[in-house]
Amino acid sequence: MDFASDFPDELIDPKLPALLRRPAPVPNPEPVNRLRSARTALLRNSHTSLDDDGANAVTIGAVDIGLLHALVDEPVAGKGTPAERKINLLNARQTAAGTLYQIGAHLRYLDLAVLPDIVAVRAGHRQPSQMAINPGSLPPEYETLASKDPATDTIRHHAMFEIRIRDREALADAVHTSIRMTLQLEKDREEKEDKKAKDSDRAANDYTESILQQGVKEPITLFVVRVVFADGTSETYLMAGDGNSRLASMWLARTGGDVDQAAEACVSTVIGPRGRDKKRRPADRREARKRVGEMAARVRLGLAEAVCTEATRREGHTLTVPAVVIVGAKTDDGLPVSDLLACRDDLVASLHVNVTPWVSEAQYDQGMRRVYRRALKEKLISTDYYRVLCGLCSAQEMHEMFSFPPHRLWSAALHQQVVLSAPHYIRFRELIMEEFVLRQGDRLQVGARLGTMALAAYRKDPHHAVMLNAFKDGGPITNLVWRQHWSLTKGANPLDVLDQILDRALNDQEFTKDENISAKAELTVLGGTAAIIDGLLTRERGSKKGTTRAVLKTPYRLKTHSLLSKLAQTSGGLKMLHSIAKSHVAQSAGVRPKLFHTMSTEINGRIVHDGDPVIDQAGAQATIELEWDLFAAADPIETAQELAASQSEEAQTTGSQDVFQRAKLAKGADEAFQAVKALHRMPKDPGSALSVFGSPESLNTIRKKLTTTADVLLLNMPVNTGLASDLDEDE
């Protein structure tokens, strides 16, 4: 029913949306002593795995304590009828890591111990990595809460998270960040200039108007969390696992202000005023319940009026929230789940990926974190490796743990070395295929997902999206990098380490074959990743064949991994990769990536060899300025052929006419061959006078032209030089 239609338009606040559902009156919170029976029933249920504080957090905010008791009560054996003893109203939710048990949908007071998602699973792809230059604040680390039973000396895992954070101020900052990030659309808002555009970006995740119209209809999934501070104290809350957008929008609807006001209102109400460094006391909880009771009384009075005021709408529709609470987690064997993180991630993914918009980068980030967690559990990587891969430590800490150069480029390389190199590449490929439900884990599929984590340290870069696209094009995942055994060179100075790698890559006589291959793979990853980060290797090319040297143009079309494969095969290509990596690490205007020759030929009367510097007319070594330069230097012959083929015959000079005509001949022969194959596959009618190839006369004319062409080619065939033919090689 549309209650707004019952009243004249002048009685309706034009600033508010039409009222579709009046807020429901709710009672004041029950006294604490009336919660004990529900709390006891919750702890007694065989499917729950909470401790005392966790049970307190679940029961303290329930609106209807009788309903909560009924939902969690599991009759004691021997009491009641046989049918009653079989009843268990906790809902089972299946996940890949185990079964979660949740209390059915019930109303909860928003103000009582309910936090937004401060670990930001769905916004993980926008969270800073500690590997970044200025990472800022990081999301808190969290894990499954475990306790030790002193009587049996065994570890018991709970269906609760343990979140470690510095202090209450840091917790308040995490809440603020969560609400801000949630109410933003998953795209870069910083590039927009006008305020109207910025405000419209919130539309996808901002449910304020809907809440003011009809409240929250779909339940929010809540997890129990234990927040442990550096001083050893702890507090227990409920945290949104799903529905964070609705939860944040409720605070925005409640305050009627901007995002920062909504975040601060949540902080001061649920956690307490900023600046407090003491644990919440029973008096604080009583005061919070008193404020909720006063709000509920105001709403009941407001509902007695003919028209709902703005205050009644805001408080009435945001006073309570429908929710389900996860209170248990068991494996298939009936044991408590030791990895509640995997259960939560899988639950959130199954609720959202296929039913609501969620950018692929967010899915890839969350999925790869699960892949790394499974790899840690299978002992494919160590705990220290896991911390580096998940961006939980700085570049300097990575150096102290593994002696790799303290630079974020090596963080990106470590992702590729761990996932792509032997001996574990087969298992990692299987994990990625299982996680993302892929039919085949080729380099494009793997690269798209790996790039999200490998480039996490560069998320603040304005061209981060372009970098990710290059990884979707195969990135540095060449055959030399994938499925081969290679490792990262250790050292303190990145520039010195790069020189050592180049030396091993070029001097195959001085080093073993394995050392030489490893160095080439390492240089491909470091130099290729640096080229992608610095914009010298992208997927954003504006044309298939560029006729001029310009931005977003290349002389020929090639995937990123294919170009890097060409560079890794020549001394000049390896030197260019080395130079690109050094330029990226040095971050100095005086250190620029340099060009080298990749073949032996004569240039202006001077013989140059593979690996010689490219010297310009001023006598200085030429610099790689554009992606065009890298392509042209990687394969000068294909560059010349493509340029000649893309120009008209009239524009050709006498000296380049032979190159142009050869390219034209090769293109025509290829097109003729493809046409013949296509016609041959088509169905034919034997009784027809004309076949798919046309009339006998026209077909005979074509055959004569092709025969004459073959005769002329055979007549002018150059003398065999003894070099092996590569005509049959499938590039």
Side-chain angles (χ1 to χ4, degrees), residues 470 473-474 528 531 535-573 575-577 579-580 592-618 620-674 709 713 716 718 726-727 729-731:
D473 206 31
L536 293 176
L537 190 56
T538 72
R539 193 189 183 189
E540 319 298 309
R541 301 161 203 149
S543 62
K544 291 184 178 179
K545 294 179 181 178
T547 57
T548 57
R549 178 178 177 272
V551 178
L552 296 182
K553 295 219 175 167
T554 56
Y556 56 91
R557 195 71 164 173
L558 212 60
K559 291 186 179 295
T560 55
H561 67 87
S562 299
L563 179 69
L564 290 173
S565 293
K566 284 193 172 187
L567 292 173
Q569 292 171 4
T570 65
S571 298
K575 287 183 177 181
M576 281 189 284
L577 291 173
S579 182
I580 292 170
R592 306 288 301 281
K594 300 297 183 179
L595 282 171
F596 293 85
H597 291 287
T598 56
M599 58 179 292
S600 298
T601 186
E602 182 178 341
I603 305 292
N604 297 327
R606 183 174 69 90
I607 300 297
V608 296
H609 301 282
D610 175 20
D612 286 348
V614 175
I615 306 300
D616 62 15
Q617 294 183 357
Q621 186 174 357
T623 301
I624 303 173
E625 301 286 350
L626 304 173
E627 189 171 11
W628 175 287
D629 302 327
L630 199 58
F631 273 71
D635 197 329
I637 294 178
E638 185 169 357
T639 298
Q641 290 176 345
E642 293 290 356
L643 286 176
S646 64
Q647 298 174 12
S648 64
E649 293 188 34
E650 293 79 7
Q652 302 304 307
T653 63
T654 304
S656 61
Q657 189 65 227
D658 58 336
V659 176
F660 170 72
Q661 295 297 346
R662 285 198 301 273
K664 185 177 179 182
L665 173 64
K667 182 178 180 182
D670 182 65
E671 290 178 349
F673 183 64
Q674 296 299 330
T709 301
L713 286 173
N716 293 278
D726 62 351
L727 293 177
E729 183 178 339
D730 184 8
E731 205 283 325

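Everything numeric here is computed off the predicted structure, so don't read it as measured data.
Remark: Thr538 engages Glu627 in a side chain to side chain donor-acceptor pair (under 3.5 Å) (not counting sequence neighbours). Residues satisfying the side chain to side chain donor-acceptor pair (under 3.5 Å) criterion with Gln569, sequence neighbours excluded, are absent altogether. Take Val608 and apply the side-chain contact (heavy atoms from CB on, under 4.5 Å) test, not counting sequence neighbours, and it matches His597, Thr601, Ile603, Arg606, Asp612. Every side-chain contact (heavy atoms from CB on, under 4.5 Å) that Asp635 has, sequence neighbours left out, goes to Tyr556, Lys566, Ile637, Glu638. Judged as a side chain to side chain donor-acceptor pair (under 3.5 Å), and not counting sequence neighbours, the contacts of Thr623 are Lys594. Contacts of Ala550 classified as side-chain contact (heavy atoms from CB on, under 4.5 Å), with partners at least two apart in sequence or in another chain: Thr548, Lys553. Evaluation of the side chain to side chain donor-acceptor pair (under 3.5 Å) rule for Asp629 yields Arg549 as partners, not counting sequence neighbours. Residues forming a side-chain contact (heavy atoms from CB on, under 4.5 Å) with Ser571 (at least two apart in sequence, or on another chain): Leu506, Asp610.
Between Met576 and Leu595, some side-chain heavy-atom pair lies under the 4.5 Å cut-off. Leu563 places none of its side-chain heavy atoms less than 4.5 Å from the side chain of Thr554. Taking 4.5 Å as the limit, every side-chain heavy atom of Thr639 sits out of range of all side-chain heavy atoms of Phe631.
For Thr598 (side chain) and Ala633 (main-chain N/O), a donor-acceptor pair under 3.5 Å exists by modelled atom type.
When all heavy atoms of Pro555 and Glu642 are compared, the pair lying nearest together is O-CB, 3.2 Å. Closest approach of Ala470 to Leu537, counting heavy atoms only: CB-O, 4.0 Å.
The NE2 atom of His609 sits 14.5 Å away from the OG1 atom of Thr570 when rounded to the nearest 0.5 Å.
Within a 6.0 Å radius of CD in Gln674, other residues, nucleotides and ligands contribute more than 12 heavy atoms.
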